[in-house]
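All remarks here apply to the structure that follows.
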Amino acid sequence: MENIAMDEQLEEVIHILSTQSVNRLLYGLLVLLGGLVVTRVLLRVLDRITQQLRLSSPTIHRLLHKALKWVLYAITVIVAAGTIGIPINSFVAVLSVIGLALSLAVQGVLTNLAGGIILFTSKPFAPGDFVEADEVCGTVQEIGFLYTRMEAPDGRLIVLPNSLMHASRLINYNAIGRRRIDLTVSASYDNTPEEVRAAAMDAIATVSRRQAEAGHAGCVLEEPAPQVLLEGYGESSIAYTVRLWVTAAAFVEVRYALNEELYGAFRRGGVAMTYPHLMVHTVPPEP
């Protein structure tokens with residue numbers, strides 16, 4: 001039965017072609033040729049766009065190229081067939097069903113693809129930036145069309161879909177080029193705030209000098225100027241916040257170096273770094 005139906009449709013098409021005028025057939029041929037030319041132009045535009053976006057995977061490029069090519073070919077053939085009187089309702093219905101099935105099958109891929117296009121155009125981060133997204137953080141290694149790859153501080157490889165990168169709250173720690181370090185330390189009530197500030201500023205100056213000697217001059221910024229702020233009064237100590245700005249690339253190294261140097265600077269300055277303790281005062285008995 002199916003063969004009979006196909007033969008009938010083929011005979012109908014042949015009959016339609018035999019009954020059309022030469023001018024109409026030529027017009028349909030021109031439409032077909034014009035559609036092929038437009039297809040080639042659009043494919044070249046796609047190639048230029050993918051080159052500008054610097055697609056990380058040639059496979060994705062080829063996939064997009066072929067998909068667009070066959071879609072445009074199908075549209076061209078349908079339009080050309082309609083101009084010469086061939087009924088195209090059945091073709092359109094079949095293509096609609098195929099398109100719906102494909103869209104449902106690759107819905108997740110299309111969502112990631114759209115997210116990748118948005119990331120490429122908006123450029124919220126670049127390879128080498130330290131970012132945080134979806135409660136994970138790491139250094140961006142590669143921005144693909146579907147996924148973004150990051151390296152966590154402990155060496156793990158993190159692969160996040162671009163749809164998630166686009167939709168989640170994104171923090172780029174390198175975008176501005178500088179970062180702030182806040183370290184909280186405690187000092188005894190026996191030391192004045194001036195003594196604590198002097199010792200903390202000495203530690204900052206030491207770290208800055210050592211970084212310069214290691215070839216990283218200027219990583220500790222003079223503006224905004226470093227600060228030592230009295231944070232609050234505890235039961236057995238006073239809390240201070242040591243604050244300074246550094247370049248984004250030197251954040252981790254300077255933070256750990258300053259944390260270590262504060263201990264030595266406090267000892268040199270006679271500042272006691274207290275810990276929770278209990279002071280017991282005894283009253284001598286009355287004679």
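Values in this document were obtained by computation on a predicted structure and should not be read as measured data.
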### Query
For the hydrophobic clusters of this structure (ILVMFWY residues joined by side-chain heavy atoms under 4.5 Å, transitively), does one cluster hold both L183 and V252?
yes

### Message
For the CG atom of L258 and the CD atom of Q211, what is their distance to the nearest 0.5 Å?
### Response
10.5 Å

#### Entry: Spacing of Y263 atom OH and M273 atom CE [to the nearest 0.5 Å]
8.0 Å

### Query
Are side-chain heavy atoms of F130 and C137 found at a separation under 4.5 Å?
yes

### Message
Please say yes or no: joined through hydrophobic side-chain contacts below 4.5 Å, possibly via intermediate residues, are L229 and Y233 part of one cluster?
### Response
no

### Task
Rounded to the nearest 0.5 Å, what's the gap from CZ on R178 to SG on C219? Could you check?
15.0 Å

### Salt bridge present between R243 and E231 (N-O < 4.0 angstrom)
no

### Task
Give a yes or no on this: more than 12 heavy atoms of other residues, nucleotides or ligands lie within 6.0 Å of atom CD of Q141.
yes

### Query
Taking the side chain as C-beta and beyond, is there a heavy-atom pair between S188 and V271 under 4.5 Å?
no

#### Entry: L244 side chain reached by L221 side chain, heavy atoms, under 4.5 Å
no

### Message
Would you say T139 and D129 are linked by a side-chain donor-acceptor pair, where the criterion is simply a distance under 3.5 Å?
### Response
no

### pair I143-F125: side-chain heavy atoms closer than 4.5 Å
yes

### Query
Out of curiosity, E253 CD to T247 OG1, how far, rounded to the nearest 0.5 Å?
9.5 Å

### Message
Applying a strict under-4.5 Å side-chain criterion to I, L, V, M, F, W and Y, I'd like to know whether I118 and I171 cluster together.
### Response
no

### Query
Can you find a heavy atom in the side chain of V207 that is under 4.5 Å from one in the side chain of V254?
yes

### Message
Give me the atom names and distance for the closest heavy-atom approach of F251 to R180.
### Response
CE1-O, 3.5 Å

### Message
Distance check, rounded to the nearest 0.5 Å: L157 atom CG versus E142 atom CD?
### Response
9.5 Å

### Query
Quick one: are V228 and T241 in side-chain contact, heavy atoms under 4.5 Å?
no

### Summary
Tightest non-hydrogen contact, residues L160 and A133, listed as CD1-O, 4.1 Å

### Query
Any link between V242 and Y256 through a network of hydrophobic side chains (Ile, Leu, Val, Met, Phe, Trp, Tyr) touching at under 4.5 Å?
yes

### Message
Looking at every non-hydrogen atom in both residues, tell me the closest pair between Y173 and A248 and how far apart they are.
### Response
O-CB, 3.9 Å

#### Entry: Straight-line distance of E235 CD to Y189 OH, nearest 0.5 Å
9.0 Å

### Query
Just wondering, are more than 12 heavy atoms of other shown residues or ligands nearer than 6.0 Å to CZ in R267?
no

### Test item: N191 side-chain N/O and G270 main-chain N/O as donor-acceptor pair under 3.5 Å
yes

### Summary
Minimal heavy-atom distance between V140 and A126, with the atoms involved, is CB-O, 3.8 Å

### Query
Do the non-hydrogen side-chain atoms of V159 and T148 ever get within less than 4.5 Å of each other?
no

### Query
Should M201 and V246 be regarded as members of a common hydrophobic cluster, given that ILVMFWY residues are connected when their side-chain heavy atoms come within less than 4.5 Å of each other, either directly or indirectly?
yes

### Task
Answer yes or no: is there a side-chain heavy-atom contact under 4.5 Å between V185 and F266?
yes

### Query
Is a side-chain donor or acceptor of N172 paired with a backbone partner of N174 at a separation under 3.5 angstrom?
yes

### For G138 against P153, the heavy-atom pair lying closest together
CA-CD, 4.4 Å

### Query
Can any side-chain N or O of S208 pair as donor or acceptor with the backbone N or O of I204 at less than 3.5 Å?
no

